[in-house]
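The structure appears right after this line, and notes come after that.
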Amino acid sequence: MRILGIETSCDETGIALYDGKSNRVIFEALYSQAEEHDLYGGVVPELAARDHINRLLPLLKKKLVENNLKMNAIEAIAFTKGPGLRGPLMVGAGFANALSFALEIPVIPIHHMEAHLIMAKFDAAGLDFPYISLLVSGGHTLIVKVISPNQYEVIGQTKDDAVGEAFDKTAKLLQLGYPGGPEIEKRANKSEGNKSLSFPRPMMNSDDLNFSFSGLKTAVLYKVKELSENEALSDSTINDIAFEFQNAAIECLVSKSLKACKREKSKALVLSGGVAANNFLRNELERHKGEINLFYPDQKYCTDNGLMIAYAGYQKLAEQSKDFEINVTPRWSLENV
Ligand code: KG4
Ligand code: ZN
């Protein structure tokens, strides 16, 4: 079964044609609007929606032509139904349902965060239920107990900002580009550490599995104000702030993930979502290899992409819509998939 995945929940237009039977990616394409949104320091939903409309059809046509394929190569369509930005989601939903109607093939609505989570299984052997997943993106910071396919229990989450959002906002404060995560990581790698800088690790030692990142962001804001009172921040100070911010944020994620595995007596930890592309997070968790078995997708499949939607669609073929489902679900808990 060849499934076309369509991802438009935020600012990446992602498509992929995936053959579930042979576990083969036939083609994939990603158009990132990041440069456009960089001008505004974050995603502008209306612009994102307009751009998805402009990109989707040419992207699909180009890929079909390049691969010498016709539309009949597509046997089913999976699209992101939510959570995400309403306008951008509507574009993907309208496109997917129209194609499904024209080609008379099934259409499968997908939960974006579930697709991130499932993607960690793409080339992972030996991942058995139940397991724990740390799902970290621009909109979510979740610790999820995956009991069986489709059965999720959210056992920890952020009380305020998502960790990706904290990376993005910190990058903005430091006048680095958008998205902020990769920029912060690059700058942090240039720092040797500066002992005079220390940021809080909110809720790191709380008994629960929750997070809080807004205090950390505020601490960075005050530090930036203090250090730039008389002169602009030097490159090396920016690197040091990025380093210490990353240390603090990642320490919180690592500590609560390990706590979750221990509490739930799970050895398997799945890491996914955009922030899972962060090498420091991966390396810090790898250091606990004796306690846990770590699974994560290839770096390019951590951030939003079309393949994760196609791949999740294949796992969920049984859940195809009975009728066309153009409604989207901008807010959608994993517990209600
Ligand atoms: O999953 P994703 O592509 O989109 C959402 O579903 O939100 O995640 C995007 C988020 C952004 O906040 C971005 O800054 C963050 O993931 N991110 C990173 C890295 N790469 C992307 N955060 C930290 N380190 C990275 N290398
Ligand atoms: Zn995402």
Side-chain angles (χ1 to χ4, degrees), residues 5-14 30-35 37-38 41-43 45 48 52 79-85 88-89 92 110-120 133-142 144 157-158 161-174 176-190 211 213 216-217 242-243 245-254 270-285 296-309 311-312 329-332 334:
I6 295 173
E7 159 57 32
T8 63
S9 68
C10 191
D11 61 341
E12 316 273 355
T13 314
L30 187 71
Y31 176 81
S32 174
Q33 311 171 353
E35 243 176 62
H37 298 289
D38 191 17
V43 179
H52 287 309
F79 72 99
T80 307
K81 180 180 161 73
L85 302 169
L89 286 170
I110 296 294
H111 188 294
H112 178 87
M113 295 312 290
E114 187 182 16
H116 271 307
L117 197 159
I118 291 177
M119 196 58 200
S133 178
L134 174 69
L135 274 178
V136 277
S137 72
H140 294 82
T141 308
L142 303 172
V144 180
Q157 58 191 309
T158 180
D161 293 353
V163 64
E165 187 181 354
F167 267 91
D168 294 336
K169 287 179 174 168
T170 299
K172 197 171 173 181
L173 277 174
L174 296 174
L176 305 175
Y178 170 85
E183 296 293 324
I184 295 275
E185 184 174 7
K186 261 187 245 155
R187 290 307 201 111
N189 285 340
K190 291 183 182 163
F211 304 94
F213 291 103
L216 171 57
K217 175 197 66 193
F243 177 88
F245 163 81
Q246 181 175 268
N247 271 352
I250 299 298
E251 242 182 69
C252 296
L253 296 179
V254 170
V270 163
L271 185 60
S272 205
V275 181
N278 185 285
N279 286 301
F280 185 61
L281 171 61
R282 289 164 174 238
N283 295 340
E284 285 300 290
L285 281 169
Y296 42 72
D298 192 275
Q299 228 144 358
K300 73 171 176 173
Y301 296 133
C302 285
T303 43
D304 294 351
N305 63 87
L307 182 62
M308 70 183 206
I309 305 303
Y311 183 67
T329 315
R331 292 178 153 268
W332 187 2
L334 253 182

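In listed order, ligands and their atoms are each counted from 1. Only heavy atoms go into these numbers, but all of them, side chains included; no hydrogens, no water, no symmetry mates.
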For ligand 1, is there an atom lying under 4.0 Å from some heavy atom of H116? yes
Is it the case that the side chain of [X] and the backbone of [Y] share a donor-acceptor pair, with hydrogens and angles ignored and the cut-off at 3.5 Å?
| X | Y | answer |
| --- | --- | --- |
| D298 | Y301 | no |
| T141 | V163 | yes |
| H52 | C10 | yes |
| D168 | G180 | yes |
| E12 | L30 | no |
| H37 | Y178 | no |
| H111 | P83 | no |

Please state which protein non-hydrogen atom is closest to [atom] and give its distance, to 0.1 Å?
| atom | result |
| --- | --- |
| atom 15 (C) of ligand 1 | V275 CG2, 3.9 Å |
| atom 11 (C) of ligand 1 | D168 OD2, 3.6 Å |
| atom 10 (C) of ligand 1 | G138 N, 3.5 Å |
| atom 24 (N) of ligand 1 | N278 ND2, 3.0 Å |
| atom 18 (C) of ligand 1 | G181 CA, 3.4 Å |
| atom 8 (O) of ligand 1 | G274 CA, 3.3 Å |

Nearest neighbour of atom 2 (P) of ligand 1 from the list N305, D304, I250, on a heavy-atom basis: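 Considering heavy atoms of N305, D304, I250, the nearest to atom 2 (P) of ligand 1 sits in D304.
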Nearest neighbour of atom 26 (N) of ligand 1 from the list M113, K186, Q299, E185, on a heavy-atom basis: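 Considering heavy atoms of M113, K186, Q299, E185, the nearest to atom 26 (N) of ligand 1 sits in E185.
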Please could you name the atoms of ligand 1 that [X] approaches to less than 4.0 Å, counting only its heavy atoms?
| X | answer |
| --- | --- |
| T303 | 3 (O), 21 (C) |
| H112 | 6 (O) |
| G180 | 14 (O) |
| G139 | 7 (O) |
| G164 | 12 (O) |

Working to the nearest 0.5 angstrom, can you tell me the gap between L334 CG and H140 NE2? 7.5 Å
Three-point angle H116:NE2, the Zn ion (ligand 2), D304:OD1, rounded to the nearest 10°: 100°
The Zn ion (ligand 2) reached by C10 (N, O or S, under 2.8 Å):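 No, since none of the N, O or S atoms of C10 sits under 2.8 Å from the Zn ion (ligand 2).
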I'd like to know if the side chain of H112 pairs up with that of E7 as donor and acceptor (distance under 3.5 Å, no hydrogens or angles considered).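 Yes.
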E165/K169 ion pair, N-O < 4.0 Å: yes
